[in-house]
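Structure, as structure tokens:
Within every chain, numbering begins at 1; the chains are lettered A, B, ... in the order of the sequence lines, protein sequences first and strands thereafter.
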2 protein chains.
Amino acid sequence: MPSNGDAPVTAYDRLASSIRKQILSGELRPGHRLPTELALSTHYQVSRNTAREAIRALAGQGLLVVKRGVAGGTFVASPTTAQVSESLMSGLALLTDSADLSVSVLMEIREMLEVPAAELAARNRTDEELGAIHESLFDPGRIDPTRVFVNNRDFHTGVLRATHNPLLEVLAEPVFRVLKERFLRERASADFWVRVDAEHREIVGYLDDRDQAGAREASRAHLRYLRSVYEKIDRIQG
Amino acid sequence: MPSNGDAPVTAYDRLASSIRKQILSGELRPGHRLPTELALSTHYQVSRNTAREAIRALAGQGLLVVKRGVAGGTFVASPTTAQVSESLMSGLALLTDSADLSVSVLMEIREMLEVPAAELAARNRTDEELGAIHESLFDPGRIDPTRVFVNNRDFHTGVLRATHNPLLEVLAEPVFRVLKERFLRERASADFWVRVDAEHREIVGYLDDRDQAGAREASRAHLRYLRSVYEKIDRIQG
DNA sequence: ATCGATTTGTGCGTATGTATC
DNA sequence: TGATACATACGCACAAATCGA
């Protein structure tokens, strides 16, 4: 039974914890250059290899970036929102695999985030962002099965981006993607996509008019429909 | 200028990407034991050291856990919600440091998550969870500056836990902690804590009665107050 | 443009921890 | 309980990349 929530017992773990603490406390700020591997290893009385493993672990956490060459070195990372979002996505993916994130739990979060998101997007969208959202709509007469996933995601991302709250994208995207991966791999019918597109178009209409209440309620209805579909799939496939 | 969004060029990076892909595609499921370092290194034609660094990077991402000894090895992780939450927290901490997560953006997310959370908690709380929340209240007559932070956090966590939506804790805790770290390091007055405690008590009253609407609105008012305080601090300290 | 100094990347060998017999 | 086998942890040496003089 693999499980490891222990305190640091290995050398690289101690070193990683030490550096991590300094970063999170603000002692080391983004862009700061750490000592070289040699300097770290001598200072902490470990081999260079051990220091490297600690650095690698923190780089995996997105806290450090490494550049080689004479002007290279190890730097405290300035992560992008996309990187943080990606990291959250992989964490949630594993949680849904191993533990028990039910459809209900995931959809509850989507409702909390995306209903207000639609409202915010109606208020804050630029014309350019609105155009990008329009681009993501399907041609309801001819559903293209190769484009439908990317269109669906583009719509979703477009609305989140139009809120002008970057954190919303960081948090909501992973939840959206995890649900999609879990329930929409193949088994969606054409009818499903036709209805999704129709509801997207309704939401877009409210975004056009900057109708915040309309966008909010249309988004709520859309998510209610998605919940019913996902829960039905969930009952079938376990 | 440190920045690195490159494609994998180093050997350990290639190996890490390869394994990461297998994990996220579901090919390797949580609990699965990977080949030994020696087997990995021979199979991928790299040294054991390189394989180790790839493993370390993925372990940092929370995708792998490593156990030593004869029955040890490298396993696909079964992360806990707390680990995913911690990882998100460090990501958000760096984002607030380097980039620009404004108070408004952070508080907007808190409102989206915590207002519905209070409503859910009023509906789903057990008596035991309610007891834990009561424990977190201050003694408003005697504010203990050493306990006030942990009490405040316990209240917050207690409400999230009482929603019975584990994802809520994963997402909301990091936002809460980042705001706290950034704005409440020292500069909160006793008056502030007295008012916070009073508003907590009001929310708890609604949780006692399972009054969902009451809890929701009290939470909304509480967050509105916090927003005003944080924004004021933000204007002062830049 | 080449050389050289500095830094990380990679390879191999040994030490140590851990479950089993 | 002690030996043993096998896994990861650690240490040293060399290769490769990068940038400036």
Side-chain angles (χ1 to χ4, degrees), chain A residues 1-20 23 28 31-78, chain B residues 1-20 23 28 31-78:
Chain A
M1 182 178 298
S3 93
N4 217 339
D6 301 315
V9 285
T10 62
Y12 70 83
D13 217 345
R14 274 195 299 275
L15 214 180
S17 295
S18 170
I19 297 174
R20 179 186 160 88
I23 294 174
L28 300 175
H32 183 97
R33 180 183 163 156
L34 270 63
T36 66
E37 295 176 350
L38 184 63
L40 275 175
S41 60
T42 55
H43 181 63
Y44 282 89
Q45 306 259 37
V46 295
S47 81
R48 234 195 88 204
N49 213 323
T50 299
R52 282 176 62 78
E53 297 199 17
I55 290 170
R56 211 62 68 220
L58 293 172
Q61 294 173 38
L63 295 178
L64 297 177
V65 295
V66 174
K67 279 179 62 175
R68 64 191 299 185
V70 56
T74 306
F75 301 85
V76 178
S78 305
Chain B
M1 181 178 297
S3 91
N4 216 339
D6 301 314
V9 284
T10 63
Y12 70 83
D13 217 345
R14 275 194 299 273
L15 215 180
S17 295
S18 169
I19 297 174
R20 179 187 160 88
I23 294 174
L28 300 175
H32 183 97
R33 180 184 164 157
L34 269 64
T36 66
E37 295 176 349
L38 182 63
L40 275 176
S41 60
T42 55
H43 181 61
Y44 283 90
Q45 307 258 38
V46 296
S47 81
R48 251 196 73 203
N49 211 326
T50 299
R52 282 175 64 75
E53 297 200 17
I55 291 170
R56 210 63 67 221
L58 293 172
Q61 294 175 36
L63 295 177
L64 297 177
V65 295
V66 174
K67 279 178 64 175
R68 62 191 298 186
V70 55
T74 306
F75 302 85
V76 178
S78 306

inquiry  = Among D:dC19, C:dG9, C:dG17, which nucleotide has an atom closest to any side-chain atom of B:Thr10?
reply    = C:dG9

inquiry  = Whole angstroms only, please: what is the CD-C1' distance between B:Glu53 and D:dT8?
reply    = 15 Å

request  = Can you tell me the distance, in whole Å, between the CD atom of B:Gln45 and the P atom of C:dG9?
outcome  = 21 Å

inquiry  = Nearest to the A:Arg68 side chain among C:dG9, D:dT8, C:dG11, which nucleotide is it?
reply    = C:dG9

remark   = On a heavy-atom basis, the closest approach of B:Arg20 and B:Leu58 is CB-CD2, 3.8 Å

task = Give a yes/no answer on whether the side chain of A:Tyr12 brings an N or O atom under 4.0 Å of OP1 or OP2 in D:dA9.
result = yes

ask   = Starting at CD of B:Glu37 and ending at P of D:dC10, how long is that distance when rounded to a whole Å?
value = 11 Å

Interatomic distance, B:Phe75 CZ vs C:dT18 P [rounded to whole Å] = 14 Å

ask   = What's the spacing between B:His32 NE2 and B:Ser78 OG if we round to 0.5 Å?
value = 12.5 Å

query = A:Asn49 side chain: which of D:dC12, D:dT8, C:dT6 is closest?
reply = D:dC12

query = What are the two closest heavy atoms between B:Ala51 and B:Leu15, and how far apart are they?
reply = CA-CD1, 3.8 Å

ask   = Side-chain N or O of A:Arg56 less than 4.0 angstrom from OP1 or OP2 on C:dT8?
value = no

ask   = Can you check whether A:Thr74 has a side-chain N or O nearer than 4.0 Å to OP1 or OP2 of C:dT8?
value = yes

query = Taking OP1 and OP2 of C:dG11, is either one under 4.0 Å from a side-chain nitrogen or oxygen of B:Ser47?
reply = yes

task = Would you check if A:Ile55 and A:Leu40 make a side-chain contact, meaning some heavy-atom pair closer than 4.5 Å?
result = yes

inquiry  = Is there, by distance only and without an angle test, a donor paired with an acceptor across the side chain of A:Arg48 and the base of C:dG9 below 3.5 Å?
reply    = yes

task = Would you kindly check whether a donor in the side chain of B:Arg52 faces an acceptor in the base of D:dT8, or vice versa, at under 3.5 angstrom?
result = no

Interatomic distance, A:Leu38 CG vs D:dA13 C1' [rounded to whole Å] = 13 Å

request  = Examine D:dG11: is either OP1 or OP2 under 4.0 Å from a nitrogen or oxygen in the side chain of A:Thr50? Give yes or no.
outcome  = yes

request  = Taking all non-hydrogen atoms of both residues into account, name the closest pair between B:Tyr44 and B:Ser18 and its distance.
outcome  = OH-OG, 3.2 Å

query = What integer distance in Å separates A:Arg14:CZ from D:dA9:C1'?
reply = 11 Å

ask   = From the list D:dC19, C:dT8, C:dA19, which nucleotide is the closest neighbour of the side chain of A:Val70?
value = D:dC19

Length of the CZ-P vector between A:Arg33 and D:dT18, whole Å = 15 Å

request  = Report the distance from atom CG of A:Leu40 to atom P of C:dG9, rounded to the nearest whole Å.
outcome  = 13 Å

